[in-house]
Number of protein chains: 2
Amino acid sequence: MSRDLRYLILADGSFGPETSKTANACIRYTPQNVVGVLDTSSAGRTVSQVLGFGGDIPVVATLDEGLALNPNALLIGIAPSGGKLPAPWIDLLGRAIENGLEIWSGLHTFVSDVPELAERAARHGVAIHDLRRPPPDLDVARGRVREIAATVVLTVGTDCNIGKMTTQLQLLGGLRRRGIRTSFAATGQTGILIEGRGVGVDAVIADFIAGAAEQLVLECARDSDLVLVEGQGSIIHPSYSGVTYGLLHGSLPHAQIMCAQPSRTAINNCEWVKIPPLVEFIRLSEQAAAPLRPAPVIGIALNTYDLDDDAA
Amino acid sequence: MSRDLRYLILADGSFGPETSKTANACIRYTPQNVVGVLDTSSAGRTVSQVLGFGGDIPVVATLDEGLALNPNALLIGIAPSGGKLPAPWIDLLGRAIENGLEIWSGLHTFVSDVPELAERAARHGVAIHDLRRPPPDLDVARGRVREIAATVVLTVGTDCNIGKMTTQLQLLGGLRRRGIRTSFAATGQTGILIEGRGVGVDAVIADFIAGAAEQLVLECARDSDLVLVEGQGSIIHPSYSGVTYGLLHGSLPHAQIMCAQPSRTAINNCEWVKIPPLVEFIRLSEQAAAPLRPAPVIGIALNTYDLDDDAA
């Protein structure tokens, strides 16, 4: 994001290491664009006191306190289940718009489709950015990734919210420092926010998941030799496995990087689905890719934030 | 379909055993509702001469010839790749509407969203039925199928257009004749057309595939002890595997029925993807389901239309 954006991040009631993924990634990778976080339950603390990183950015309890920090944009930093816009937020977003704040949102409910908010945004001349809005003219996948010269690497994981985007962003920095022409194919709202482009593959029409991934990888390959694709979901996730599989078969990676959290033994919020042992999970993931293009797991990224140094 | 519908089926240029799935299923299961088929390339023949079933229903070359058969609805009976509305059809559909024909469509492009067609339909007081339009208020899957008493059986297949719907419709008839309270959970436009209800799971927002399947199975289970779920795609299909996986993990079947066509060795239109031997494919399919609910393959349905009796 090259523009002079000063976000007040809305994470009300859910600001924390595991519960506010978009907020946290934005604070980690573009802290210069964050003036404050709105969360009643952590108000009065600093971001670093809540997350363990992020420095002295303040957490405030009300929109008025947030406005005093001089933001020019409100970023929705948490993802309610199903990506729906909670009704109480409509009033809050409306007041933000009336105070001249742009809205940045990755919800499935498009903020710019809510008539009263669209109307207010038009009246006050501020923009609403719906990060998940799919590009027009999507189509089904046709395996065209096989025709490009670039190497494609996809992060996969045992569950959601386990480090698939973060792993790619860390690799991106390291590979670019070594002079390798590398691009990041963002597939979720947070990645798109950080990278400035991408496709929210979980928000496209189901038949076009793989097609959207294919189109994105082709675009990213135009000026790079290595394309790092942000993974989504998990092949065993009851809610999101379709997206995971479509992304795998549309991006046709040469290799996978497996993201896992050693302390997690079941799918978050779906405790009835146990996560198989990592070696078994890797085998399942390689089998899922193999009929289209063999994609061995060439690396493992462990999320150890909840372990002490010895255990990690 | 209990209404007095008299379809003229549009299958122009593609009427045949493998190329006009919606037309063919409608002719097989509700022939009393079909007055004719519009297809320039087969015009002058009967449906049975083209398909091998369907009796004396005529194939005509023009809309005017079709109108002479006294239809009250035009059904789009073929699915262009990506489900888009071909531009030349807009004029044809417009003329059908002006002649008082309802439109029934399973395309991804919603006919009722094409302004000039919506306007004409309103003016002439005829309805446009977009079979793939998703129900409102979809949500992500939550594993609620585990709470119902009914047994759930899903058809899966090595490829698209291989018999997953037909197998369930044949089973439905047989099981009902034996007095078993059985329902058919239609998940594609043709199934919805035949059954009169269902959800086109390939047309919902990607994150909601499994949720849509879950909602449909819960509905079907209300008045039946056995729910036969229409499968979609294939776990190795480059374009549609996401839908296949979402449907598998959302409907949480107790058992799978594997559909295959012995003469087919690669995915249709994606010849670079070879279909593994059936026994290996069954293993992959059982592994795909197992982490959520074990669903053994309890039957195999072979599509042998292109084999002679001895080979079959």
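Labels below follow one simple rule: chain letters A, B, ... track the order of the sequence lines, proteins then strands, and each chain is numbered from 1.
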Out of [options], which one racks up the most heavy-atom pairs below 4.5 Å with chain B?
{"options": "A/Ile267, A/Leu284, A/Ile235", "value": "A/Ile235"}
{"options": "A/Arg293, A/Arg283, A/Glu214", "value": "A/Arg283"}
{"options": "A/Gly246, A/Cys270, A/Ser241", "value": "A/Ser241"}
{"options": "A/Val204, A/Asp139, A/Thr244", "value": "A/Val204"}

Closest approach of [X] and [Y], non-hydrogen atoms and distance?
{"X": "A/Ala206", "Y": "B/Ala203", "result": "CB-N, 4.5 Å"}
{"X": "B/Pro291", "Y": "A/Val273", "result": "O-CG1, 3.7 Å"}
{"X": "B/Ser239", "Y": "A/Ala141", "result": "OG-O, 2.8 Å"}

Proximity breakdown for [X] and chain B, heavy-atom pairs closer than 4.5 Å:
{"X": "A/Leu292", "value": "both"}
{"X": "A/Ile205", "value": "both"}
{"X": "A/Leu248", "value": "neither"}

Taking every heavy-atom pair that is under 4.5 Å apart, which of [options] has the most such pairs with chain A?
{"options": "B/Arg146, B/His237, B/Gln287", "answer": "B/Arg146"}
{"options": "B/Tyr245, B/Tyr240, B/Phe208", "answer": "B/Tyr245"}
{"options": "B/Asp207, B/Ile236, B/Leu247, B/Leu252", "answer": "B/Asp207"}

Distance, nearest 0.5 Å, that separates CG of B/Asp137 from NZ of A/Lys84
7.0 Å

